[in-house]
Amino acid sequence: MIKVGIIGATGYAGGELVRILSAHKDAQIVWYGSRSYIDQKYADVYRNMFEIVDAKCLDDNMEELAKQADVIFTATPQGFCASMMSEEILAQTKIIDLSADYRIKDVATYEKWYGIAHKSPQFIKEAVYGLCEINREDVKGARLVANPGCYTTCSILTAYPLAKEGIIDMNTLIVDAKSGTSGAGRGAKVPNLFCEVNENMKAYGVASHRHTPEIEEQLGYASGEEVLINFTPHLVPMNRGILATEYATLKKEVTYEEVKAIYDKYYKDEKFVRVLPKDVCPETKWVEGSNYVDINFKIDSRTNRIIMMGAIDNLVKGAAGQAVQNMNLMFGLPETEGLELVPMFP
Ligand SMILES: NC(=O)C1=CN([C@@H]2O[C@H](COP(=O)(O)OP(=O)(O)OC[C@H]3O[C@@H](n4cnc5c(N)ncnc54)[C@H](OP(=O)(O)O)[C@@H]3O)[C@@H](O)[C@H]2O)C=CC1
Ligand SMILES: CC(=O)N[C@@H](CCC(=O)OP(=O)(O)O)C(=O)O
């Protein structure tokens with residue numbers, strides 16, 4: 001049995017980790033880490049866990065937790081994991097960080113986009129970017145995994161095969177993405193109040209959202225060139241889900257069958273990536289509660305552009321599900337263990 005500690009177990013991503021890991025047959029949660037609910041029963045924080053989790057919340061003492069757990073998930077704000085990290089911790093346990101602290105290889109880029117100083121840049125190089133479908137082999141041997149962002153998981157996986165095969169002009173890529181409000185976390189913030197979000201839609205972080213350099217870096221590795229994109233996120237009045245619509249100019253004339261063959265080359269055997277039938281557009285409802293990424297595309301020969309679409313559940317494939325997929329790889333378990341979650345509907 002793998003002993004698991006979760007720091008930030010009382011947040012939305014941490015709560016989803018608890019939900020998924022509670023049904024994982026090879027994992028046992030030994031630490032429900034919190035800042036605000038120390039010594040309170042976890043099931044009093046999340047009553048969906050009544051009679052499922054009996055434990056009380058503990059603190060965020062990562063050094064102590066490292067002695068007890070085989071793996072620690074940090075589902076905490078940006079900067080926390082980096083401020084705690086040490087060689088001693090990594091010698092005792094594995095870390096899967098759900099924040100952005102180790103996602104971006106260039107520390108100056110991280111500090112510029114996140115507006116904080118990185119407290120342990122010495123570990124950035126060894127951290128593996130945990131986008132399982134792309135970095136599977138590296139994840140298997142990792143001590144420290146940087147779990148990708150929610151918008152980024154969706155945006156990168158949707159465009160990756162075409163970037164890799166060089167059929168789109170990467171510098172024409174526009175990513176227009178929408179997210180449900182759970183993406184903003186559980187902390188009380190005025191812009192996320194019911195009256196602000198309900199019956200409303202808005203763009204935010206225009207030309208400045210911190211997921212931009214993460215998408216650019218990963219698609220840059222795929223295409224082998226420097227990539228600059230426009231990324232515009234939107235907040236929409238739903239709980240979960242991300243829909244990314246991506247536009248790029250085609251470098252040459254291609255048919256539906258040729259592009260479909262490219263997606264199949266990369267994703268045919270991927271359990272969690274579903275390339276939908278021709279003309280079916282992904283919808284967030286069809287992936288809700290699951291670890292699936294639904295993808296499709298349409299060629300617009302009139303404008304010589306291709307429109308790619310992807311949908312995920314931000315808390316599952318965009319956070320906790322992908323983190324558990326990474327854990328499974330790191331511990332040599334079947335990649336799907338605990339993740340055979342059938343999408344819920346309606
Ligand atoms: N929500 C999402 O869809 C996604 C989130 N992420 C990332 O996951 C991480 C957590 O996000 P999310 O769950 O949404 O956020 P929440 O605000 O819902 O939860 C934050 C968690 O971190 C704890 N916490 C807050 N401040 C500190 C601190 N200074 N030190 C230690 N612990 C602290 C909180 O504890 P307490 O509540 O007990 O005070 C809570 O458990 C973030 O890095 C986020 O970017 C990544 C992908 C998707
Ligand atoms: C709707 C909403 O506010 N979404 C968050 C998503 C980012 C997130 O959760 O952060 P990481 O994926 O980088 O860890 C945001 O835009 O900041």
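Side-chain atoms are counted along with the backbone in the values below, which use heavy atoms only and exclude waters and symmetry mates. Start at 1 and go down the list; that is how both ligands and their atoms are numbered.
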Open item on the list: Students often mix this up, so state it plainly: with edges at 30° and 60°, are the rings of Tyr42 and Tyr32 parallel, tilted or perpendicular?
Closed with: tilted
Task: Path from Val275 to Tyr292 over hydrophobic side-chain contacts below 4.5 Å - done: no
Starting from the N and O atoms of ligand 1, collect every protein N/O partner closer than 3.5 Å and put each pair on its own line with the distance to 0.1 Å.
| unit_1 | atom_1 | unit_2 | atom_2 | d |
| --- | --- | --- | --- | --- |
| ligand 1 | 1 (N) | Ser182 | O | 3.0 |
| ligand 1 | 3 (O) | Asn314 | ND2 | 2.9 |
| ligand 1 | 13 (O) | Tyr12 | N | 3.2 |
| ligand 1 | 13 (O) | Ala13 | N | 2.8 |
| ligand 1 | 18 (O) | Tyr12 | N | 3.0 |
| ligand 1 | 18 (O) | Arg186 | N | 2.7 |
| ligand 1 | 29 (N) | Arg35 | NH1 | 3.0 |
| ligand 1 | 30 (N) | Arg35 | NE | 3.2 |
| ligand 1 | 35 (O) | Thr10 | OG1 | 3.3 |
| ligand 1 | 37 (O) | Thr10 | OG1 | 3.0 |
| ligand 1 | 38 (O) | Thr10 | OG1 | 2.7 |
| ligand 1 | 38 (O) | Ser34 | OG | 2.5 |
| ligand 1 | 38 (O) | Arg35 | N | 3.0 |
| ligand 1 | 38 (O) | Ser36 | N | 3.0 |
| ligand 1 | 39 (O) | Ser36 | N | 3.3 |
| ligand 1 | 39 (O) | Ser36 | OG | 2.5 |
| ligand 1 | 41 (O) | Gly8 | O | 3.2 |
| ligand 1 | 41 (O) | Thr10 | N | 3.4 |
| ligand 1 | 41 (O) | Thr10 | OG1 | 2.7 |
| ligand 1 | 41 (O) | Gly11 | N | 3.0 |
| ligand 1 | 43 (O) | Thr76 | O | 2.6 |
| ligand 1 | 43 (O) | Gln78 | NE2 | 3.3 |
| ligand 1 | 45 (O) | Gln78 | NE2 | 2.9 |

TODO: For Glu340, enumerate each residue passing the salt bridge (charged side-chain N to carboxylate O under 4.0 Å, His left out) test, keeping only those at least two apart in sequence or located in another chain.
DONE: Lys271
Open item on the list: Could you check whether atom CD of Glu63 has more than 12 heavy atoms from other residues, nucleotides or ligands sitting under 6.0 Å from it?
Closed with: no
Task: Pairing residues for Glu214 by the side-chain hydrogen bond (donor to acceptor under 3.5 Å, both in side chains) criterion, not counting sequence neighbours - done: Arg103, Tyr129, Thr152
Task: Atom-level proximity to ligand 2, residues with heavy atom under 4.0 Å - done: Gln78, Leu98, Arg103, Gly149, Cys150, Tyr151, Ser179, Gly180, Gly183, Ala184, Tyr204, His209, Arg210, His211, Leu235
Task: Asp169-Thr172 side chain donor-acceptor pair, cut-off 3.5 Å - done: no
- [ ] State which residue, out of Ile174, Ile306, Thr158, fulfils the side chain to side chain contact (heavy atoms under 4.5 Å, CB included) condition with Glu246.
- [x] Thr158
- [ ] From the options Trp113, Tyr151, Tyr114, select the one residue that forms a ring pair (Phe, Tyr, Trp, His ring centres under 6.0 Å) with His211.
- [x] Tyr151
- [ ] May I ask you to check whether over 12 heavy atoms, not counting those of Asp44, lie within 6.0 Å of atom CG?
- [x] yes
